[in-house]
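Residue numbers run from 1 in the order of the sequence given. Keep in mind that this is a model prediction, so the values were computed, not measured.
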Amino acid sequence: MIDLTKYPLGKIYAFDFDGTLTRRDTLIEFIRFAKGGKAFALCFLRYLPLLVLMKAGLYPNWKAKQKVFSHCFKGMRTDDFNAACARFAEEKAGLLRPKGIAKLREVAAEGGRAIIISASVNNWVEPFFADMPDVYVIGTMAEARDGVLTGRFLTKNCYGGEKVKRLLQLYPERTEYWLTAYGDSRGDTELLDFANEGYYKPFR
């Protein structure tokens with residue numbers, strides 16, 4: 001048993017989103033949903049060389065992701081973007097892994113703090129948890145000016161070591177809580193290593 005008297009803040013549970021709580025990458029799914037199959041195909045054909053280089057570790061993850069995001073959504077009104085995000089979460093709830101959502105609800109029932117830490121953009125991650133007000137989402141944030149998306153990111157891509165940095169911004173006193181983390185990819189390695197307990201691909 002964990003001696004929680006040593007941890008004034010108790011237990012904190014950090015969940016990756018794409019692949020951990022979902023069955024597939026939601027950036028790809030959201031672009032297909034919001035822009036249609038033809039626009040999705042043309043976008044990924046255009047950026048396929050960069051995506052291949054990214055997978056090989058020869059091109060920065062964040063830069064490839066931002067180029068794809070900008071191509072698809074630059075100039076879109078934020079109200080329209082957020083409405084599309086809400087529809088996406090409502091219509092694509094089947095993307096969620098039942099075991100992962102059950103674990104989130106278990107954490108909430110036990111009074112633990114549940115955090116989603118995702119490289120995906122907050123706008124379409126948050127609506128998936130609209131019925132779980134105690135779940136907090138930390139993700140990549142899209143920049144907007146005068147109510148219009150610029151195509152750039154307001155924050156660093158929440159991937160790899162950035163996940164640990166963002167968690168520490170929220171809970172800087174690391175010795176005051178017991179951290180359990182769940183992930184499924186290279187982008188979660190640092191978070192899993194940072195946790196007291198780390199679980200790889202736990203909900204499959």
Side-chain angles (χ1 to χ4, degrees), residues 14-51 54-55 59-98 100-101 104 114-160 162-163 165-167 169-170 184-185 187:
F15 297 78
D16 168 58
F17 184 62
D18 292 285
T20 301
L21 291 177
T22 69
R23 303 177 194 277
R24 293 185 292 279
D25 182 277
T26 55
L27 171 62
I28 293 172
E29 294 296 323
F30 180 68
I31 292 173
R32 184 185 286 117
F33 176 85
K35 308 302 288 187
K38 183 177 179 180
F40 165 82
L42 290 173
C43 172
F44 275 83
L45 282 174
R46 176 173 180 173
Y47 290 104
L48 183 60
L50 285 185
L51 295 173
M54 180 193 76
K55 288 292 185 182
Y59 194 83
N61 178 289
W62 71 267
K63 192 174 287 189
K65 178 178 174 180
Q66 184 168 267
K67 283 182 179 292
V68 170
F69 182 83
S70 181
H71 175 86
C72 293
F73 300 111
K74 181 179 179 180
M76 188 173 183
R77 292 188 56 81
T78 52
D79 287 347
D80 294 336
F81 182 69
N82 288 333
C85 291
R87 290 196 306 274
F88 176 65
E90 181 179 357
E91 295 181 26
K92 299 294 183 178
L95 288 171
L96 297 173
R97 294 184 184 275
I101 300 306
L104 271 176
I115 303 167
I116 311 296
I117 305 184
S118 174
S120 280
V121 174
N122 282 51
N123 304 61
W124 71 72
V125 178
E126 290 176 355
F128 279 95
F129 307 100
D131 65 337
M132 302 183 205
D134 294 330
V135 173
Y136 186 78
V137 175
I138 300 173
T140 302
M141 300 186 71
E143 182 185 72
R145 292 184 181 175
D146 300 321
V148 175
L149 295 175
T150 67
R152 295 187 294 271
F153 295 143
L154 190 62
T155 62
K156 288 185 178 181
N157 189 31
C158 194
Y159 177 93
E162 184 64 18
K163 292 194 173 192
K165 291 179 183 178
R166 297 284 294 278
L167 177 68
Q169 287 175 2
L170 190 63
D184 80 306
S185 72

> Any chance you could lay out the side-chain contact (heavy atoms from CB on, under 4.5 Å) test for L21 and L104, step after step, and finish with the verdict?
CA-CA 10 Å; L21 291 177; L104 271 176; 4.0 Å; yes

> Of all heavy-atom pairs between Y59 and A64, which one has the smallest distance, and what is that distance?
CE2-N, 3.6 Å

> Test: side chain to side chain donor-acceptor pair (under 3.5 Å). Region: residues 14-24. Which pairs qualify, not counting sequence neighbours?
D16-T20, D16-K163, D18-T26, D18-S120, T20-D184, R24-E29

> Can you give me every donor-acceptor pair (side chain of residues 132-144, partner residue at least two apart or in another chain, under 3.5 Å) with its distance?
unit_1, atom_1, unit_2, atom_2, d
T140, OG1, A119, O, 2.8
T140, OG1, N157, OD1, 3.1
T140, OG1, C158, N, 3.0
E143, OE1, T150, OG1, 2.7
E143, OE1, R152, NE, 3.1
E143, OE1, R152, NH2, 2.9

> As a quick check of understanding, evaluate ring-ring contact (aromatic ring centres under 6.0 Å, His included) for F40 and F33, giving each step before the final call.
CA-CA 9 Å; F40 165 82; F33 176 85; over 10 Å; no

> Throw together a table of side-chain donor-acceptor distances under 3.5 angstrom for residues 83-93, partners on residues two or more places apart or in other chains.
none

> Give, for atom CG of N61 and atom CD of Q66, the distance between the pair rounded to the nearest 0.5 Å.
11.5 Å

> Evaluate the side-chain proximity of I115 to F15: yes if any heavy-atom separation is below 4.5 Å, no if none is.
no

> May I ask you to check whether F17 and F128 place their ring centers less than 6.0 Å from one another?
yes

> Considering residues, nucleotides and ligands other than D131, do more than 12 of their heavy atoms fall under 6.0 Å from its CG?
yes

> State yes or no: are the ring centers of F30 and F73 separated by less than 6.0 Å?
yes

> Can you tell me how far apart CG (N123) and OG1 (T78) are? Round to the nearest 0.5 Å.
8.5 Å

> Test your reading of the model: is there a side-chain donor-acceptor pair from R32 to the backbone of A41, 3.5 Å cut-off?
no

> Kindly write out the residues that satisfy side-chain contact (heavy atoms from CB on, under 4.5 Å) with K74, not counting sequence neighbours, or none if the list is empty.
S70

> Could you give the distance from CD (E126) to OG (S118), rounded to the nearest 0.5 Å?
10.5 Å

> For the CD1 atom of I28 and the CG atom of D25, what is their distance to the nearest 0.5 Å?
4.5 Å

> Rounded at 0.5 Å granularity, tell me how far CZ in R77 sits from CG in N82.
11.0 Å

> Among all residues two or more places apart in sequence or in another chain, which pass the side-chain contact (heavy atoms from CB on, under 4.5 Å) test with P49?
none

> Could you list all the side chain to side chain donor-acceptor pair (under 3.5 Å) pairs where at least one residue sits in residues 35-46, not counting sequence neighbours?
R46-H71

